[in-house]
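Contents: one structure, followed by commentary.
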Amino acid sequence: MKRRYLKAVTTLPDYILQVDFVSGSRLYLDKIRFLSLADKNVWSSAVTNGIFVRFGDVELSHDEILSMAEQEH
């Protein structure tokens, strides 16, 4: 059984990351801790395999994304 938590990721203007979960929930993250993501080409390369969001060599796990969302509130 293959786990999947993330359905899709979309990079939005002003470095906001839209994360869609398989549950139907959606998060918008506006702070990213990786300086290399300030490069527009790296930023726009975001993809997900259902567990991680990858930007080239940089990756965020499902758990990191949830932790970042909790810190914002």
Side-chain angles (χ1 to χ4, degrees):
M1 184 169 136
K2 188 174 180 180
R3 295 179 299 157
R4 290 185 61 90
Y5 304 104
L6 308 174
K7 181 178 179 182
V9 292
T10 306
T11 55
L12 303 173
D14 298 324
Y15 297 97
I16 295 173
L17 183 66
Q18 175 183 309
V19 182
D20 294 310
F21 294 87
V22 295
S23 67
S25 296
R26 177 176 281 170
L27 268 178
Y28 294 96
L29 298 173
D30 64 358
K31 64 178 186 177
I32 300 293
R33 62 188 168 110
F34 301 104
L35 181 59
S36 63
L37 298 181
D39 179 307
K40 289 184 181 191
N41 290 326
V42 174
W43 176 251
S44 64
S45 71
V47 295
T48 185
N49 66 355
I51 296 175
F52 292 93
V53 175
R54 290 196 174 95
F55 304 85
D57 294 336
V58 176
E59 68 181 21
L60 292 171
S61 73
H62 165 258
D63 293 333
E64 287 177 290
I65 291 169
L66 291 178
S67 176
M68 291 169 67
E70 289 174 359
Q71 290 174 8
E72 287 185 3
H73 297 291

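These numbers come from the heavy atoms of this one structure, side chains and all, not from hydrogens, waters or symmetry mates.
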Worksheet entry | L12 vs L17, side-chain contact (heavy atoms from CB on, under 4.5 Å): CA-CA, chis, key distance, verdict | CA-CA 6 Å; L12 303 173; L17 183 66; over 6 Å; no

Non-hydrogen atoms of [X] and [Y] that approach each other most closely:
X: V53; Y: A46; answer: CG1-CB, 4.4 Å
X: I51; Y: Y5; answer: CG1-CD1, 4.2 Å
X: T48; Y: K7; answer: CG2-O, 4.0 Å
X: L60; Y: M68; answer: CD2-SD, 4.3 Å

Worksheet item: Taking R54 for the side chain and S45 for the main chain, is one N or O donor matched with an acceptor at less than 3.5 Å?
Response: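 No: the side chain of R54 does not pair with the backbone of S45.
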
Practice prompt. Look only at the side chain of D39 and the backbone of N41, and say whether a donor-acceptor pair between them is shorter than 3.5 Å.
Written response: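 Confirmed, D39 side chain pairs with N41 backbone.
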
Item to complete: Look at the side-chain heavy atoms of Ile, Leu, Val, Met, Phe, Trp and Tyr, link any pair under 4.5 Å apart, and say whether V42 and Y15 land in one connected group.
Response: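 Yes, V42 and Y15 fall within the same hydrophobic cluster.
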
Discussion item. Assess the residue pair F21 and L66 against the criterion (side-chain contact (heavy atoms from CB on, under 4.5 Å)); give the C-alpha distance rounded to whole Å, side-chain angles, the decisive distance to 0.1 Å, and a yes or no.
Written reply: CA-CA 11 Å; F21 294 87; L66 291 178; 4.0 Å; yes

What distance separates [X] [atom1] from [Y] [atom2], expressed to the nearest 0.5 Å?
X: I65; Y: F52; atom1: CD1; atom2: CZ; value: 10.0 Å
X: S44; Y: L37; atom1: OG; atom2: CG; value: 10.5 Å
X: T11; Y: W43; atom1: OG1; atom2: CH2; value: 6.5 Å

Worksheet item: Which is it for D14 and D30 under the side-chain contact (heavy atoms from CB on, under 4.5 Å) test, yes or no, and what are the steps along the way?
Response: CA-CA 8 Å; D14 298 324; D30 64 358; over 6 Å; no

